[in-house]
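Working notes for the structure below.
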Amino acid sequence: MSLYIEGLSKELPSNSNEMAQFQEVMRQQLESSMHAELEKLLGTAKGAKAEVSKKDFEGFRKLFHRFLQVKGPSVEWSKINRPPEDSIQPYDKIKAKGLPDNIADSLNKLVVVKLNGGLGTSMGCKGPKSLISVRNENTFLDLTVKQIEHLNKTYNADVPLVLMNSFNTDEDTKKILQKYTHHRVKIHTFNQSRYPRINKESLLPVAKDMAMTGENADVWYPPGHGDIYASFFNSGLLEQLIAEGKEYIFVSNIDNLGATVDLYILNHLVSQPNGKRCEFIMEVTDKTRADVKGGTLIQYDGKLRLLEIAQVPKAHVDEFKSVSKFKIFNTNNLWISLSAIKRLQEQNAMDMEIIVNPKTLDGDLNVIQLETAVGAAIKCFDNALGINVPRSRFLPVKTTSDLLLVMSNLYSLEAGSLTMSERREFPTTPHVKLGSSFTKVQEYLTRFESIPDMLELDHLTVSGDVTFGKHVSLKGTVIIIANHGDRIDIPAGSMLENKIVSGNLRILDH
């Protein structure tokens, strides 16, 4: 982050050459101080964990070195071009190729990887987010296992599931995995790195030793899903899967319920001629007003590249959000060649933009954490491709508003996969906005005696102390607002169509 160094050197009247030398000296001093602090921390590590931490810190040092080198924004706006026509293919064109006679041959080259590092804290839950129940008592992880088991049974194939855990989720996830012992899915896990949060002022680690509890509980972080390449490689699992004949991974967020294995995309990958093998596919989909902050694909320096909102100069943010100029966004459903990951890791050629994420810890301590995003590596792979997929492949559950959609009769569940009900007349999902009384899953569940019928719903806004009785039906646009101190109970069997409900409404049994 030479911007930081430039800040230190502003007061020095000097010519540009001397300034550059001063900044280089500052950089070296910061790196040297960081190196010394990391060595001190490693000195407190015990047993097998010491070796793991050593590898983690090697990755952190590289990231920190690059962070100190960065000069200004990572893209020049004038050099951004729209991707060439053939670099983002419509899904229908991929699907038109059909499927091979022996689907098992293709499936046996595939590994499903789910990003499982996140906690359920934003939805008021303890432990891994993947263990939250989302449909008929099934958790995100249950649905994933059922989907892959269904593939393996249907086609007599062997598609394994790999979970990338973080130090936040690993222990709880491993306990739960025992319940899948008799399912027809091999499950492997590996851990994301553990990196130290950095004091924003000193640019040194906040941690005093390698402990993860007590005063050290908040001083570590998993460095974003871009860490998948190094962690997967360092775990030895990548080599093992290549030795078993696996060629591609399908990576997605475990909370994206639309990210199921697509046989047409898989067939497109494995049927490419050897010299033109596509090493990376990013599934993108059309932007709506709800997705204006999502990363998009651009052509930059002759390569396909992911552009995230954090990289956009302030003067161009509105242009970035425009649905007319940047029409698609990244779903984070990615298909990546295992041998290409191995090659790029061995050549130390994996280049991803650094995301600087500021946080405030207890005691108002300002820290930064350095992260990378898995999709940002697209520019490093040969013959990379975007595929514009249907919106149904992007069904993330980030809030209880999303949870209400997937628990409702808008979707049917079969073999772990959710599909839009055929009884829904239009393919778009309703816009649902639940207020702060619904934020935590437990509280949200107590406010619905049963999930309303939403087949004909376009828009739902609920704010304040509101509860729903059994067998409620919502159609068109429904807005329910209980002001502070008021309470609204929607009676059992109610049908609300294009209604605004406000004030107080309670029906009491006597």
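As the structure is a prediction and not an experimental result, all values here were calculated from the model. FYI, the numbering just counts along the sequence from 1.
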Do you know the tightest heavy-atom contact between Thr439 and Thr400? O-CG2, 3.3 Å

Shortest non-hydrogen contact between Asn332 and Gly375, atoms and distance: OD1-N, 4.4 Å

Do the side chain of Thr461 and the main chain of Ile479 share a donor and acceptor less than 3.5 angstrom apart? no

Spacing of Leu163 atom CG and Ile254 atom CD1 [to the nearest 0.5 Å]: 5.5 Å

Side-chain donor/acceptor of Ser463 to backbone N/O of Gly435, under 3.5 Å: no

Say you draw a straight line from CZ of Phe57 to CE of Met34; how long is it, rounded to the nearest 0.5 Å? 9.5 Å

For the residue pair His316 and Trp77, categorise the inter-ring angle as parallel (less than 30°), tilted (30 to 60°) or perpendicular (more than 60°). parallel

Pairwise side-chain contact, Leu204 with Ser33, heavy-atom cut-off 4.5 Å (strictly under): yes

Hey, does the side chain of Lys129 reach the backbone of Met123 with a donor-acceptor pair shorter than 3.5 angstrom? no

Lys433 NZ: over 12 foreign heavy atoms closer than 6.0 Å: no

Contact between Lys287 and Lys327 at the side-chain level, heavy atoms closer than 4.5 Å - yes or no? no

Can you tell me how the ring of Phe190 sits relative to the ring of Phe232, calling it parallel under 30°, perpendicular over 60° and tilted otherwise? parallel

Would Asp142 and Thr139 count as having a side-chain donor-acceptor pair, cut-off 3.5 Å? yes

Do Arg194 side-chain atoms and Val52 backbone N/O form a donor-acceptor pair below 3.5 Å? no

Say whether, by atom type as modelled, one donor and one acceptor occur between the side chain of Thr169 and the main chain of Asn165 under 3.5 angstrom. no

May I ask you to decide whether Arg61 forms a salt bridge with Glu39, counting only side-chain N to carboxylate O separations under 4.0 Å? yes

With a 4.5 Å cut-off on side-chain heavy atoms, are Asp255 and Asp402 touching? no

So CZ of Phe438 and OH of Tyr444: to nearest 0.5 Å the spacing works out to 9.5 Å

Over 12 non-hydrogen atoms of neighbours within 6.0 angstrom of NZ in Lys293: no

Side-chain heavy atoms of Tyr229 within contact of Gln345, under 4.5 Å: yes

So does Tyr195 get a backbone contact from the side chain of Ser193, meaning a donor-acceptor N/O pair under 3.5 Å? no

Before giving the answer on side chain to side chain contact (heavy atoms under 4.5 Å, CB included), spell out for Val389 and Ile265 the whole-Å C-alpha distance, their side-chain angles and the decisive distance to 0.1 Å. CA-CA 10 Å; Val389 296; Ile265 296 177; 4.2 Å; yes

The reported gap from CG in Leu241 to CD1 in Ile249 (rounded to nearest 0.5 angstrom) is 9.0 Å

Counting only heavy atoms from other residues, nucleotides and ligands, does the tally under 6.0 Å from CD of Glu171 exceed 12? no

Does some side-chain heavy atom of Tyr180 sit less than 4.5 Å from a side-chain heavy atom of Leu141? yes

Could you walk me through whether Asp172 and Lys126 pass the salt bridge (Lys or Arg N to Asp or Glu O under 4.0 Å) test, one step at a time? CA-CA 10 Å; Asp172 289 337; Lys126 286 184 175 172; over 6 Å; no

Once the angle between the rings of Phe64 and Phe60 is folded into 0 to 90°, is it parallel (under 30°), tilted (30 to 60°) or perpendicular (over 60°)? parallel

Taking only Lys NZ, Arg NE, NH1 and NH2, and the carboxylate oxygens of Asp or Glu, determine whether Lys54 and Glu58 approach each other closer than 4.0 Å. no

Can a donor-acceptor pair be found, under 3.5 Å and without considering hydrogens, that links the side chain of Asn234 to the backbone of Ala230? yes

Test log, rule side chain to side chain contact (heavy atoms under 4.5 Å, CB included), inputs Leu68 and Leu203: CA-CA 10 Å; Leu68 293 176; Leu203 291 193; 4.3 Å; yes

At what distance, to the nearest 0.5 angstrom, does CG of Leu297 lie from CZ of Arg305? 12.0 Å

Distance only, no hydrogens: is a donor on one side chain within 3.5 Å (strictly under) of an acceptor on the other, for Asp262 and Tyr91? yes

Locate the shortest heavy-atom distance separating Pro205 from Pro196; write the atom from each residue and the value. CB-CB, 3.9 Å

Check step by step if side chain to side chain contact (heavy atoms under 4.5 Å, CB included) holds for Thr285 and Asn388. CA-CA 5 Å; Thr285 195; Asn388 191 341; 4.3 Å; yes

Yes or no on side chain to side chain contact (heavy atoms under 4.5 Å, CB included) for Asp486 and Asp465, after CA distance, side-chain angles and deciding distance? CA-CA 7 Å; Asp486 290 345; Asp465 187 359; over 6 Å; no

Tell me whether the NZ or CZ atom of Lys55 lies within the 45° cone about the ring axis of Phe233 and under 6.0 Å from its centre. no

More than 12 heavy atoms from other groups under 6.0 Å of NZ on Lys379: yes

Please tell me if the side chains of Phe320 and Glu308 come closer than 4.5 Å, counting only heavy atoms from C-beta onward. no

Hey, are Arg391 and Asp286 close enough for a salt bridge, meaning a charged N less than 4.0 Å from a carboxylate O? no

Compare all side-chain heavy atoms of Ser252 with those of Lys114 and state whether any distance is below 4.5 angstrom. yes

Specify the closest pair of heavy atoms between Tyr411 and Arg135, including all atoms of both residues, with the distance to one decimal. O-NH2, 2.8 Å

Between the side chain of Tyr221 and the main-chain N/O of Ile368, is any donor-acceptor distance below 3.5 Å? no

Which atom names give the shortest non-hydrogen contact between Tyr248 and Leu338, and what distance separates them? N-CD1, 4.1 Å

Would you indicate whether the side-chain heavy atoms of Ser53 and Leu42 approach each other to under 4.5 Å? yes

Would a distance-only check, ignoring hydrogens and angles, find a side-chain to backbone donor-acceptor pair under 3.5 Å from Gln369 to Asn357? no

To the nearest 0.5 Å, atom CG of Asn330 lies from atom CE of Met282 at 4.0 Å

Determine, step by step, whether Thr331 and Asn256 satisfy the side-chain hydrogen bond (donor to acceptor under 3.5 Å, both in side chains) criterion, reporting the C-alpha distance in whole Å, the side-chain angles of both residues, the deciding distance to 0.1 Å, and the verdict. CA-CA 9 Å; Thr331 63; Asn256 179 6; 5.4 Å; no

Does a donor on one side chain sit under 3.5 Å from an acceptor on the other, for Thr173 and Asp170? no

Are the side chain of Glu279 and the backbone of Asn383 linked by a donor-acceptor contact shorter than 3.5 Å? no

Can we say Asp301 and Lys79 salt-bridge, meaning some charged N sits less than 4.0 Å from an Asp/Glu carboxylate O? yes

Would you call Glu443 and Arg447 a salt bridge, using N to O less than 4.0 angstrom? yes

Exercise: identify the closest heavy-atom pair between Trp220 and Ala207: CZ2-CB, 3.7 Å

Please check if atom CD in Glu346 has more than 12 non-hydrogen atoms from other residues, nucleotides or ligands closer than 6.0 Å. yes

